[in-house]
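Indexing begins at 1, ligand by ligand and atom by atom, following the structure's order. Note that the structure is predicted; figures quoted are calculated from it, not measured.
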Amino acid sequence: MRIVDAQVIVCSPGRNFVTLKLVTEDGVHGLGDATLNGRELAVASYLRDHVAPLLIGRDARRIEDTWQYLYKGAYWRRGPVTMTAIGAVDTALWDILGKVANLPVYQLLGGASREAVTVYAHANGRTLDDTVAAVGRQAEAGYTAVRAQCGVPGLEHAYGIATNDAPYEPAEKGLPPETVWSTERYLDFVPSVFDRLRRELGFDLLLLHDVHHRLTPIEAGRLGRALEPHALFWMEDPVPAEHQEAYRIIRQHTTTPIAAGEVFNSIFDCQLLIQEGLIDYIRATVAHAGGISHLRRIAGLAELHHVRTGAHGATDLSPIAMAAALHFDLSVHNFGIQEHMPHTADTDRVFPHAYRFERGFMHPGEAPGLGVEIDQGLAATFPYDRAYLPVARRGDGTLHSW
Ligand code: GCO
Ligand code: MG
């Protein structure tokens with residue numbers, strides 16, 4: 001089962017995606033998502049120029065050895081570009097193994113630990129009224145968990161708010177747009193959003209909120225405490241997490257559950273957070289944290305410490321990452337929740353898939369492997385289109401975490 005070809009496919013059916021396709025001598029192929037929002041071509045080059053030559057001739061069944069070869073063998077460890085590239089290779093190899101075994105990947109991972117995967121939806125609005133209506137619509141669509149983001153009075157832009165009727169998409173064409181941020185206005189306003197949501201929608205619906213790395217630990221403690229009466233399912237990324245010890249301060253001040261980790265690349269980024277029980281949900285993904293193999297290691301550590309998974313699932317991860325996440329979610333014991341944002345119709349046509357959504361739950365389907373394909377002819381009609389995430393500055397022009 002030698003690998004004979006490794007192709008990197010870049011396409012933009014509404015947004016940019018990087019896909020790795022590995023082919024074996026028997027003609028079986030596997031797919032991995034290598035998309036790193038706003039830095040896509042760095043991963044494409046890493047794979048094409050540095051990884052593909054190493055894969056040709058390797059036995060596709062040696063998933064663990066290939067992972068170690070690319071991680072330890074590079075000498076330069078970790079980082080988003082390297083780990084996204086390794087993740088794509090790992091995911092593609094699991095896909096191949098599933099196809100050869102004629103089994104969906106979740107069966108290779110120990111089988112289903114649940115009937116289906118609980119997913120949370122996004123709801124956002126520029127005003128409080130719009131946000132309440134958007135959350136209500138997602139509840140009516142059958143979601144049992146909804147992430148609520150609301151525009152902040154006095155701020156032109158807030159994270160997570162769509163600029164038109166389309167679902168929220170963070171990257172914008174051209175160079176990075178600049179937005180203005182005020183911690184004071186945000187902290188003053190957010191508790192009133194959840195107060196209104198609970199009063200109008202009650203406590204049955206699970207509510208989530210993404211702070212998107214914008215606060216300091218003591219500010220996060222204050223927000224978490226203010227949100228306690230509204231019983232959030234989680235408060236996400238309250239502070240930038242490079243300094244894991246900082247989460248101790250948040251924990252000292254609030255019992256609001258904390259989720260972190262969509263930007264993490266390895267188990268070392270969350271080792272202390274997990275071992276000290278400083279978070280409740282780990283958001284690392286297949287795409288950016290070294291693939292299915294490494295994510296299982298993270299989940300294994302998390303399970304020891306009562307931390308559950310809550311994988312990132314924004315639309316800047318392709319349907320290949322979504323499929324891989326669902327196989328992981330279905331199988332892993334300490335699954336918590338999965339983020340779900342529907343892709344554009346063009347994206348769904350480029351990446352036909354077996355996974356399905358039904359009233360708040362998803363399932364990866366029973367197709368062998370990951371159950372997702374890429375229509376390369378169609379992908380070629382959507383060429384790469386440069387786009388960046390915005391940046392944020394405080395009122396005086398100081399750069400702030402976006
Ligand atoms: C989320 C995320 C995204 C990120 C995006 C960056 O919780 O879904 O925070 O909205 O901003 O994935 O590329
Ligand atoms: Mg987030």
Side-chain angles (χ1 to χ4, degrees), residues 12 14-18 33-43 80-81 83-84 87 119-124 134 138 143 145-150 157-163 166-173 176-177 179 181 186 190 206-215 220 223 232-241 257-265 269-270 273 279-289 309-322 325 329 336-344 347 385-392 400-402:
S12 192
R15 69 161 347 283
N16 293 314
F17 294 113
V18 180
D33 180 21
T35 308
L36 186 62
N37 201 2
R39 296 293 186 271
E40 297 88 356
L41 300 184
V43 187
V81 174
M83 297 304 282
T84 302
V119 295
Y120 71 88
H122 282 211
N124 62 79
Q138 296 294 41
Y143 285 99
V146 181
R147 178 188 103 152
Q149 307 293 136
C150 185
H157 302 280
Y159 162 76
I161 311 304
T163 44
Y168 171 66
E169 157 57 57
E172 294 187 29
K173 308 284 177 212
T179 60
W181 170 251
Y186 172 78
V190 172
L206 305 179
L207 288 177
L208 300 78
H209 179 67
D210 192 347
V211 182
H212 220 255
H213 325 265
R214 305 245 171 140
L215 300 178
L223 179 60
L232 262 59
F233 183 82
W234 79 35
M235 174 170 79
E236 175 178 338
D237 286 330
V239 298
I258 310 285
E262 67 184 35
V263 300
F264 294 172
N265 313 125
D269 295 328
C270 47
L273 289 176
I279 58 173
D280 301 279
Y281 296 92
I282 176 70
R283 286 193 33 78
T285 64
V286 166
H288 300 141
T309 68
H312 189 201
T315 37
D316 47 273
L317 302 157
S318 89
I320 300 166
M322 190 70 208
D329 296 336
I337 204 162
Q338 169 68 48
E339 181 176 15
H340 176 230
M341 286 173 78
H343 286 104
T344 65
T347 299
D385 196 3
R386 184 168 65 182
Y388 283 95
L389 292 169
V391 297
H400 196 81
S401 300
W402 174 74

Check whether any side-chain heavy atom of Pro176 lies under 4.5 Å from a side-chain heavy atom of Trp402, and answer yes or no. no
Of Glu262, Glu236, His288, the one whose closest heavy atom lies nearest atom 2 (C) of ligand 1 is Glu262
If you count the atoms of ligand 1 from 1 in the order shown, which ones are under 4.0 Å from a heavy atom of Ala314? 8 (O), 12 (O)
If you take the centroid of each ring, where Trp contributes its six-membered ring, are Trp234 and Tyr120 closer together than 6.0 Å? yes
Can you tell me the protein heavy atom closest to atom 3 (C) of ligand 1 and the distance? Tyr159 OH, 3.4 Å
Do any of the N/O/S atoms of Glu339, backbone or side chain, fall under 2.8 Å from the Mg ion (ligand 2)? no
Could you check Asp237 against Val211 for side-chain contact (heavy atoms from CB on, under 4.5 Å), going step by step and ending with a plain yes or no? CA-CA 6 Å; Asp237 286 330; Val211 182; 5.7 Å; no
Just do the side-chain contact (heavy atoms from CB on, under 4.5 Å) check on Thr35 and Leu317 with the steps written out, would you? CA-CA 6 Å; Thr35 308; Leu317 302 157; 6.0 Å; no
Given the rule in the side-chain contact (heavy atoms from CB on, under 4.5 Å) test, do Ile320 and Phe17 qualify, once you have shown the distances and angles that lead to the verdict? CA-CA 10 Å; Ile320 300 166; Phe17 294 113; over 6 Å; no
Between Arg15 and Asp316, is there a side-chain N and carboxylate O pair less than 4.0 Å apart? no
Verdict with supporting geometry, Ile161 and Tyr168, side-chain contact (heavy atoms from CB on, under 4.5 Å): CA-CA 6 Å; Ile161 311 304; Tyr168 171 66; 5.7 Å; no
Examine the proximity of ligand 1 to Arg283 and report which part, side chain or backbone, both or neither, has a heavy atom under 4.0 Å away. side chain
Near Asp210, which atoms of ligand 1 are under 4.0 Å from a heavy atom of that residue? 1 (C), 2 (C), 7 (O), 9 (O)
Heteroatom proximity flag, Trp402 to ligand 1, N/O under 3.5 Å: no
Any nitrogen or oxygen of Asn37, main chain or side chain, under 3.5 Å from a nitrogen or oxygen of ligand 1? yes
What atoms of ligand 1 come within less than 4.0 Å of a heavy atom belonging to Arg147? 1 (C), 7 (O), 8 (O)
Atom 12 (O) of ligand 1 has as its nearest protein heavy atom Asp316 OD1, 2.8 Å
Pairing donors with acceptors under 3.5 angstrom, does anything connect the side chains of Glu262 and His288? no
Side chain to side chain donor-acceptor pair (under 3.5 Å) test vs Asp210 passes for just one of His122, Arg147, Arg283, Gln149, namely Arg147
So which heavy atom in the protein is nearest atom 8 (O) of ligand 1, and how far is it from that ligand atom? Glu339 OE2, 2.5 Å
Does any N, O or S atom in Glu262 come within less than 2.8 Å of the Mg ion (ligand 2)? yes
What is the OE2(Glu236)-the Mg ion (ligand 2)-OD2(Asp210) angle, to the nearest 10 degrees? 90°
What atoms in ligand 1 come closer than 4.0 Å to a heavy atom of His212? 4 (C), 9 (O), 11 (O)
Numbered atoms and elements of ligand 1 in range of His312, under 4.0 angstrom, heavy atoms: 1 (C), 2 (C), 3 (C), 8 (O), 12 (O)
Proximity of Tyr186 and Trp181 rings by center, below 6.0 Å: yes
